2 protein chains.
Amino acid sequence: MSEFVDKLRAIVGDKGLITDEQTKHPYVTDWRENYLGTALAVVRPASTEEVAAVVKLCAAEKVAIVPQGGNTGLVGGGMPHETGREIVLSLTRMNRIVEVDTIGYSMTVESGVVLKTIQETAAAHDRLFPLSLAAEGSCTIGGNLSTNAGGVQVLHYGNARHLVLGLEVVTPAGDIWNGLRALKKDNTGYDLRDLYLGAEGTLGIITKAVLKLWPKPKDIATSWIAVPSPDAAVALLSGAHAASEDNVTSCELMARQGLDFVLKHIPGSVDPLTEIHDWYVLLEWSSTRARREGGNEGGLREKMEAYLGEAMEKGLVLDAAIAQNEAQARALWALRENHAEAQKKEGPSIKHDISVAVSKLPAFMKEGLAAMKKSLPDCRPVPFGHVGDGNLHFNCQSPPGWDKPSFMKYGEAISGAVYDLVVGYGGSISAEHGIGQLKLEDLAHYRSKVELDVMRSVKRALDPHNIMNPGKVIQV
Amino acid sequence: MSEFVDKLRAIVGDKGLITDEQTKHPYVTDWRENYLGTALAVVRPASTEEVAAVVKLCAAEKVAIVPQGGNTGLVGGGMPHETGREIVLSLTRMNRIVEVDTIGYSMTVESGVVLKTIQETAAAHDRLFPLSLAAEGSCTIGGNLSTNAGGVQVLHYGNARHLVLGLEVVTPAGDIWNGLRALKKDNTGYDLRDLYLGAEGTLGIITKAVLKLWPKPKDIATSWIAVPSPDAAVALLSGAHAASEDNVTSCELMARQGLDFVLKHIPGSVDPLTEIHDWYVLLEWSSTRARREGGNEGGLREKMEAYLGEAMEKGLVLDAAIAQNEAQARALWALRENHAEAQKKEGPSIKHDISVAVSKLPAFMKEGLAAMKKSLPDCRPVPFGHVGDGNLHFNCQSPPGWDKPSFMKYGEAISGAVYDLVVGYGGSISAEHGIGQLKLEDLAHYRSKVELDVMRSVKRALDPHNIMNPGKVIQV
């Protein structure tokens, strides 16, 4: 194998190759420390041509490749197995912004650019790239696209797949597909772009992308709202579309349990409201229309205030705090974004990233919370997520003080109960996190034979030697 | 073969089978009379189960199937070849609206429902299904989805693929894939939905779909605008986004030549403006916010009037007529929608359905018109289309009085010049009409070997016996 490593070095140079165990460590384990794999080597190419050469070499030598971005995934999709016979191909050195086209509202980037850098580059050009999620400071756009990431603005702008015009992909044969087209309309053959998007690196490696940009919002209103129930949250969102003149960009639901964890573990966190409530909504409206200070019409903040006042009279809202400036808005968002970090600090937990039709969300929630409690009466459910997408992080924290092995004994029962319920509601067992390794068996269990067969046919056709992230998404 | 026909009859009954030549005729020729194929039989199943049984039979007997909707396609995608060894499978008897979910903003339909019926059903529920195109009175949703149809509202709502939540598809093996999920988010495996959408029936037959609905617009402003040039049209649209508060839903460019044909051939057509101009834009804004009659703010019509006034001062607008009611708006739209019909009545023409990046559209247009004239000085270019999508129907009418065979001698030179230019501009040779038979060789010529190989691999994997609409999109 040292001969193979020498060939890798010849392609990417010393700067692009990691072989010692200590330096490899962060690339073979995940953020939640649920996976610990081993890798022949970690390869960090600096260009598409280098990626292609590495893949060609691996194809010739039948060495499997695990593509990796910022390594913030939650399902082990970017983790190598324990066999030690795979390489990790990290895209993090490919981190150039290639072009910003403000007239055409597009940006071309390499796949290793960190999401936050893309957001900031767009903002510097008076544009918006709307993908936004808790890991944005470290996740890369290649990972976002390979997992079809969701986040907090899907409601208005769509999933990651809706934010892309074109892609460049290195195929499992080491060929470069140049699909970097900046076209709004193009009906020439099969939709390869959407096939690679969300395929978790099992069909090829995304090396570049043409992203769509939007006008930068000029007026934003953000509020933290106590609501009596999930039903009230759905009703509140339903009315908000008209009240905001179709400007709802985020609507996040949280339970008190999650907020308590954040207040306990994240320094500087403050409850925006004086009393304790069971459920909260973080609501954001934004518009490209500038605020007209002093005008008789006011901006979104005034409209939101009026809407929340009406909603309070109807009993949909118990209390609310509207951010008066950007700093306050950021503090409200931090309460939401720090849920995952706070859960990690509190101890072991099981995550369920599920979706159902929005109208069925409250009923599902009632049954789902009962099902968790039935599996383990002392568990602490931490449901939160994106109301408008019907997408909940229907998480379950261990009883206080339990260690991971003790809690994980209940894992199968809890997840089984939740997933059976989700499937009964016609929902999805992975709304935005993907399948990776974690849900491989769940997908095989819950999807029809026809669907699995079609997926398997596609995988076999495009990756006949099964070298591209094998054992993720679908087993061939 | 009569034995095979008997087996078909056993599945679909006499009502579902057409074998005599005269009744078959409308199914084996297209609207523009560019194709005349022959078919073993025309089969019209009444249910998904019947479709599956027909496909299973054809798979067993290795008989190829040409799926067909309303037969309004422009590239021969739904036409059988001249071999007489294929069957046409028409979905037109599968025309039921299965469910309208107003709370969940979705509608489930069989694939043979006519587009206009879907629009009207949505409207009756105070909802909008935004797909809109000239053939909407006869095209079916299955055809729209199989070709990823575009139309006049792509600018705001996206192509057909963006209007779909879930699909039911009969695979080339005759299995039924139930992907009728009404979920906003679902990251479980490969995106099969987008693979079937736009595949022109070469990978399977779409039998049902869950469509997305939108709130019905409450305020619409429509105007017919004379502009000095395509450059002015692009600039006019660019400013309109902000002026309308992001409510531009259509922006169609037309040349005088096209309008002249409509005025000549379509009874009741009237030029909305008194003077003759070279270029016209049909601009529509719509909002879910109701008009506030008598208020001090006015509605979209007043805003559009103000915007056009400013644009006139800047020289972007020469003259304009704003519709004062729905009947006037419909009359303006008829001038645009009747372009294809009028071109047909005028005589032979060649259609190019191309797209380039919006910012490059004016420059492309100048060069493209010159290229056409160079190939045949007396030809009459009829460019029109969707400015905001960079998508033009860059058509070419024969010199006055020419017959089809004489004109078609110049076809290859004219189309070659146009397509070479499009590819030079990084554009698409089929922005919304698809590939079908017409552009099979063009696609093979202009796309990279890598891309064609991937498409071919997908086709072979999903349709190993090549019985599903063979010889369309990609040759295997």
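Note that this is a predicted model, so its numbers are computed, not measured. Naming convention: chains lettered A, B, ... in sequence-line order (proteins, then strands); numbering from 1 in each chain.
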query = Got A:K184 and B:V154 here, is their nearest side-chain heavy-atom distance under 4.5 Å?
reply = no
remark   = Looking only at B:K459, B:K439, B:H162, the option with the highest number of non-hydrogen pairs under 4.5 Å against chain A is B:K459
query = Where does A:R460 contact chain B at under 4.5 Å (heavy atoms): side chain, backbone, both or neither?
reply = neither
query = For B:S355, is it the side chain, the backbone, both or neither that has a heavy atom under 4.5 Å from a heavy atom of chain A?
reply = both
remark   = ring-ring contact (aromatic ring centres under 6.0 Å, His included) filter on A:F364, not counting sequence neighbours, yields A:F394, A:Y425
inquiry  = Minimum heavy-atom separation for A:S428 and B:K185, please, with both atom names.
reply    = CB-O, 4.1 Å
query = In Å, rounded to the nearest 0.5 Å, how long is the span from CE of B:M455 to CG of A:D191?
reply = 9.5 Å
query = So which of A:S106, A:S448, A:A242, A:G434 has the largest heavy-atom pair count under 4.5 angstrom toward chain B?
reply = A:G434
ask   = Is a salt bridge present between B:D246 and A:K218, judged by a nitrogen-to-oxygen distance below 4.0 Å?
value = no
query = Highest number of heavy-atom pairs under 4.5 Å with chain B: which of A:L165, A:L203, A:I429?
reply = A:L203
query = For B:H386, is it the side chain, the backbone, both, or neither that has a heavy atom closer than 4.5 Å to a heavy atom of chain A?
reply = side chain
ask   = Top residue by heavy-atom pair count (under 4.5 Å) with chain A, among B:L443, B:I354, B:V358, B:N148?
value = B:N148
request  = For chain A, find which of B:G189, B:A357, B:G104, B:G198 contributes the most heavy-atom pairs closer than 4.5 angstrom.
outcome  = B:G189
note = Greatest number of non-hydrogen atom pairs under 4.5 angstrom with chain A, of B:D389, B:D175, B:I435, B:V473, falls to B:D389
query = Which residues pass the ring-ring contact (aromatic ring centres under 6.0 Å, His included) test with A:H352, sequence neighbours left out?
reply = A:Y419
key: chain B contact via A:V169 - which portion, at a heavy-atom distance below 4.5 Å   = neither
query = Taking the side chain from B:N187 and the backbone from A:T147, do they hold a donor-acceptor pair closer than 3.5 Å?
reply = yes
inquiry  = Could you go through B:L192 and A:E451, starting from their C-alpha distance and side-chain angles, then the distance that decides it, and tell me whether this counts as side chain to side chain contact (heavy atoms under 4.5 Å, CB included)?
reply    = CA-CA 9 Å; B:L192 303 184; A:E451 181 158 342; 4.0 Å; yes
task = Write down the atom of B:L462, the atom of A:S457, and the distance for their closest heavy-atom approach.
result = CD2-CB, 3.9 Å
remark   = Highest number of heavy-atom pairs under 4.5 Å with chain A among B:Y105, B:W177, B:Y190 belongs to B:Y190
query = For chain A, which of B:S430, B:P464, B:A461 has the most heavy-atom pairs under 4.5 Å?
reply = B:S430
key: Electrostatic pair B:D186-A:R447, nearest N-O below 4.0 angstrom   = yes
ask   = Does a side-chain heavy-atom distance below 4.5 Å link B:L195 with A:V458?
value = yes
